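Counting from 1, the numbers follow the sequence of the chain as shown. Everything numeric here is computed off the predicted structure, so don't read it as measured data.
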Amino acid sequence: MPESAAKPRILVVEDEAIVARDIQVQLEALDYEHVGHAASGEDAIEMAGQLRPDLVLMDIQLAGPMDGISAATVIRERWPIPVVFLTAFAETETVSRAKLIQPFGYVVKPFSTRELRTALELALFMSQVDAKLRASESRYHAMVQSIDAGIITIDRAGRIVGWNPAAEKIFGYSADEMLARSLETLMPDTMRAQHAAGLARAVATGEHRLVGQGTAEVPGCHRDGHELWLSLQLSEWWLSDDVFFTAVIGDITETKHAQERLRLQSSALEAAANAILITDRAGTVEWANAAFFAMTGYDPHEVVGTKAGRVLRSGKHDPVFYARLWSTILAGNVWQGEIINQRKDGTLYTEAMTITPVKDDHGAITNFVAVKLDISDQKRMEDAFRHSQKMESVGRLAGGIAHDFNNMLGLILGHTEAVLQQMEPTHPIHDDLSRVFQAATRSAGLTQQLLAFASKQPANPAVIDVPTAVTGLVRLLQRMIGEHVMIDWNPQEATWPILMDSSQLDQILTNLCVNARDAIAGTGTVTVEISNCAIDAEFARRHTEATVGEYVRLVVRDTGTGIDAAVLPHIFEPFFTTKPIGEGTGLGLATVHGVVAQYHGFVLVASELGQGTSFEIYLPRYRGEVMPTGGEEASRASDVGPVRGETILVVEDEPGLLRLVSRMLSGQGYVILGASSPRAAMQLAAEEVQAIDLLLTDVIMPEMNGVELAQALRTSRPSLKWIFMSGYTADTMHQAGDAVAEGSFLQKPFLRAELLNKVRDVLDGTEA
């Protein structure tokens with residue numbers, strides 16, 4: 001019986017023990033036999049001679065006087081063992097030295113298990129093909145020099161009457177042992193009855209199946225019992241009135257086993273996950289596996305026999321790129337890199353490709369083997385990650401700017417408001433100060449957009465029925481954008497609720513509709529749609545911004561001019577605008593992106609020049625109860641409750657703002673303790689013997705933040721109430737936990753009435 005196929009035996013040559021161990025684990029996982037590990041070139045030569053592995057996986061860079069190339073050279077000179085190089089380098093000199101020994105492949109560190117397997121399978125395949133070619137040539141040479149076929153002659157009874165030395169060599173029997181014995185001795189048990197019936201029919205009727213029919217393949221048995229595969233040419237001849245049959249026999253057992261191994265290897269290549277393409281020297285496709293056709297969408301008859309470049313070329317690379325590729329592989333070197341190709345349906349994809357030249361025994365290149373991996377999804381994920389990192393950095397910068405700007409606006413608004421309250425409207429500069437106050441108020445709105453972009457805008461989320469909320473806003477938007485642009489509003493019944501600050505939903509829709517109006521030259525339509533949407537894993541794979549879940553999808557689509565492909569990646573960046581100077585701040589879409597991100601949603605954009613633009617806003621479906629908000633901002637302009645001489649500890653590291661807030665409160669009748677740092681506040685609290693009724697503190701300060709200060713003071717003053725104030729609070733307030741829930745929040749910049757109302761509400765315990 002034929003021996004079962006053994007696992008390929010691999011010798012690993014690597015001077016880094018950890019790396020060698022990792023390779024061993026990968027080899028065993030791939031069902032290879034790891035026969036040993038050598039850490040130097042000298043050890044590699046010695047172990048190769050002792051173990052005679054099927055393949056040597058050799059690191060080029062080895063410690064000691066002999067590197068991997070030198071060791072491989074010795075191994076290849078002494079034994080027909082294929083070598084695959086491991087390398088993290090690709091210098092021209094190294095590659096030039098390596099190619100002299102005709103390696104069977106390269107694996108570039110770091111590599112995946114799939115890349116390792118592909119390289120090893122190709123190397124083993126190429127090695128076996130090479131070995132079979134050499135063996136075949138040797139056999140044919142011997143046949144030319146002398147007849148080496150077994151020649152056996154039998155009579156009409158099936159007894160052997162002729163037996164040459166070649167037959168003795170094939171079957172293991174001498175002529176003396178076989179003469180006069182039945183030919184059935186050389187057959188498997190399953191063939192004997194069939195042979196006897198066929199011989200009887202041929203003798204009796206002259207009808208025979210094999211005589212004169214060329215070469216047949218039949219099974220046979222060796223003297224030691226193992227099964228043989230034989231090539232058989234049968235002829236009959238007559239002597240007097242007696243018939244004889246002569247069989248010319250060749251032992252093709254090894255060939256059959258080799259064919260089976262090649263079939264197995266071919267099946268493995270066909271089933272490989274990586275696309276594999278084999279071309280001739282001119283680039284004409286000779287073979288490709290199923291993964292290639294699945295990746296490109298072509299059928300085999302559309303590719304085999306054609307130039308691979310003509311079928312796949314995308315037009316995204318210049319002629320120099322292809323010239324360098326061909327120059328590399330025609331020089332006998334391996335080419336590795338990324339290339340953009342085109343599928344049958346016209347879509348483009350990026351693939352990582354390795355092209356390896358295949359050489360004959362004389363070193364001439366006969367074929368090229370290309371191993372391809374579609375990395376389009378990986379490239380999209382990398383681009384999305386870089387973009388998110390960029391937006392995160394810009395967002396932190398925007399949030400920091402808004403925080404500092406809010407402190408300055410607080411001073412401007414506070415002092416301007418105080419002066420205006422003391423000034424008669426007829427005063428010569430009253431109108432100028434009013435304009436300053438209005439400009440500062442508008443600037444405060446601008447900082448809110450920055451905070452929204454940075455996802456740091458304080459919000460009062462509530463459960464929203466989107467169709468109801470959008471219906472009311474669409475009426476206002478239609479009047480705002482004008483009669484030349486119509487809003488087509490298409491609500492869907494039974495849309496899921498969302499949890500969001502309604503003003504931020506208004507902000508999103510307003511920004512998108514205003515941008516859509518500005519993109520429409522003349523008349524046009526802005527379509528607003530909402531629908532329920534369940535995002536699955538496949539959708540999330542194709543859109544790296546998305547995550548699996550249930551969402552309410554808000555679509556704003558216009559019939560405008562569209563967005564250029566070069567501009568599209570930048571539209572959510574703050575201050576980026578294509579509008580003329582003075583007609584846009586570049587914060588509209590940045591605000592949309594920031595608000596949506598704040599609620600763990602995502603935005604998708606599709607646009608083509610001349611075809612309009614579509615924005616899809618995905619906001620998570622809400623299933624729980626209404627979340628508590630940070631408290632409503634007081635909007636009363638006056639009507640502040642009675643002051644009962646309460647003591648307020650004001651902590652603010654901006655000196656001007658500390659003085660302004662203290663003056664506003666003391667002017668209302670409160671007792672004020674002012675501190676410019678948390679440490680000074682702790683000292684004042686320790687020295688104050690009277691009760692402190694309220695802590696009014698900035699959130700972000702040196703030494704400790706306002707939340708930590710409030711918690712520290714609570715240990716000695718359990719009844720202390722507090723109000724946090726800040727230019728932005730999302731990060732710090734998120735960390736504050738229960739302390740925020742117990743207190744209140746005042747967004748900078750604020751007006752005097754807002755401050756006084758907030759303080760009174762907290763002291764009286766009437767804040768909603």
Side-chain angles (χ1 to χ4, degrees), residues 84-90 95 98-99 103-123 125-126 268-298 300 302-304 306-344 346-359 365-383:
V84 172
F85 280 130
L86 287 170
T87 180
F89 303 90
V95 173
K99 73 178 184 180
F104 282 73
Y106 296 84
V107 180
V108 179
K109 301 176 182 178
F111 54 84
S112 66
T113 301
R114 179 181 296 174
E115 292 170 335
L116 178 62
R117 180 174 188 169
T118 300
L120 294 180
E121 288 295 324
L122 284 173
F125 173 78
M126 293 163 60
L269 290 175
E270 180 67 28
N274 283 23
I276 301 174
L277 190 72
I278 299 177
T279 73
D280 64 13
R281 181 184 173 89
T284 300
V285 178
E286 295 185 348
W287 180 87
N289 68 347
F292 172 84
F293 297 113
M295 183 171 73
T296 62
Y298 285 101
E302 297 174 305
V303 174
V304 176
T306 65
K307 299 287 187 181
R310 294 176 185 171
V311 174
L312 302 176
R313 188 163 297 190
S314 65
K316 294 296 183 179
H317 301 285
D318 58 29
V320 175
F321 174 87
Y322 295 105
R324 289 174 177 170
L325 185 156
W326 277 101
S327 175
T328 300
I329 61 178
L330 287 174
N333 300 320
V334 175
W335 184 92
Q336 289 182 314
E338 295 180 2
I339 186 169
I340 300 174
N341 277 333
Q342 181 172 265
R343 298 184 179 91
K344 181 180 179 180
T347 59
L348 302 181
Y349 67 99
T350 303
E351 64 181 24
M353 181 168 64
T354 300
I355 304 177
T356 304
V358 180
K359 302 177 182 179
I365 296 172
T366 59
N367 296 86
F368 297 108
V369 178
V371 180
K372 301 161 170 282
L373 176 64
D374 186 347
I375 59 171
S376 302
D377 289 342
Q378 175 185 330
K379 297 291 287 185
R380 281 195 294 269
M381 292 179 65
E382 289 174 353
D383 291 342

[X] to [Y] - nearest heavy-atom pair and separation:
X	Y	answer
G297	K344	O-CD, 3.3 Å
V358	M126	CG2-CE, 4.3 Å
T350	S376	N-OG, 2.9 Å
V303	T306	O-OG1, 2.5 Å

Just by distance, do the side chain of [X] and the backbone of [Y] share a donor-acceptor pair under 3.5 Å?
X	Y	result
N367	T279	yes
E115	S112	yes
S314	I340	yes

Applying ring-ring contact (aromatic ring centres under 6.0 Å, His included) to F368 and not counting sequence neighbours gives W326
Worksheet item: Does L122 reach the side chain of V369, with side-chain heavy atoms less than 4.5 Å apart?
Response: yes
- Query: Does some side-chain heavy atom of F321 sit less than 4.5 Å from a side-chain heavy atom of I339?
  - Reply: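 Yes - at least one pair of side-chain heavy atoms lies under 4.5 Å apart.
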For E351, salt bridge (Lys or Arg N to Asp or Glu O under 4.0 Å) partners two or more places apart
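Salt bridge (Lys or Arg N to Asp or Glu O under 4.0 Å) check on E351 returns K372.
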Looking at residues at least two apart in the chain, or sitting in another chain, which of them share a side chain to side chain donor-acceptor pair (under 3.5 Å) with [X]?
X	answer
T113	Q26
T354	Q336
K316	none

For [X], enumerate each residue passing the side chain to side chain contact (heavy atoms under 4.5 Å, CB included) test, keeping only those at least two apart in sequence or located in another chain.
X	answer
K359	I365
T296	F292, Y298, L312, Y349
L373	R114, N274, I375
R324	V320

**Prompt:** Within 45 degrees of the axis of the six-membered ring of F111 and under 6.0 Å from its centre: does R117 put its NZ or CZ there?
**Reply:**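 No, R117 does not sit over the ring of F111.
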Residue pairs meeting salt bridge (charged side-chain N to carboxylate O under 4.0 Å, His left out), one or both in residues 282-293, sequence neighbours left out, come to none
**Report entry** salt bridge (charged side-chain N to carboxylate O under 4.0 Å, His left out) pairs, two or more places apart, involving residues 325-343
**Finding:**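 Every salt bridge (charged side-chain N to carboxylate O under 4.0 Å, His left out) pair that includes a residue of residues 325-343, provided the two are not neighbours, is E338-K379, R343-D374.
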Exercise. Have a look at T328 and tell me which of I355, N333, V334 forms a side-chain contact (heavy atoms from CB on, under 4.5 Å) with it.
Key: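 Of I355, N333, V334, side-chain contact (heavy atoms from CB on, under 4.5 Å) with T328 is met by N333 alone.
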Distance col, row W287:CH2 vs L277:CG, nearest 0.5 angstrom, shows 9.0 Å
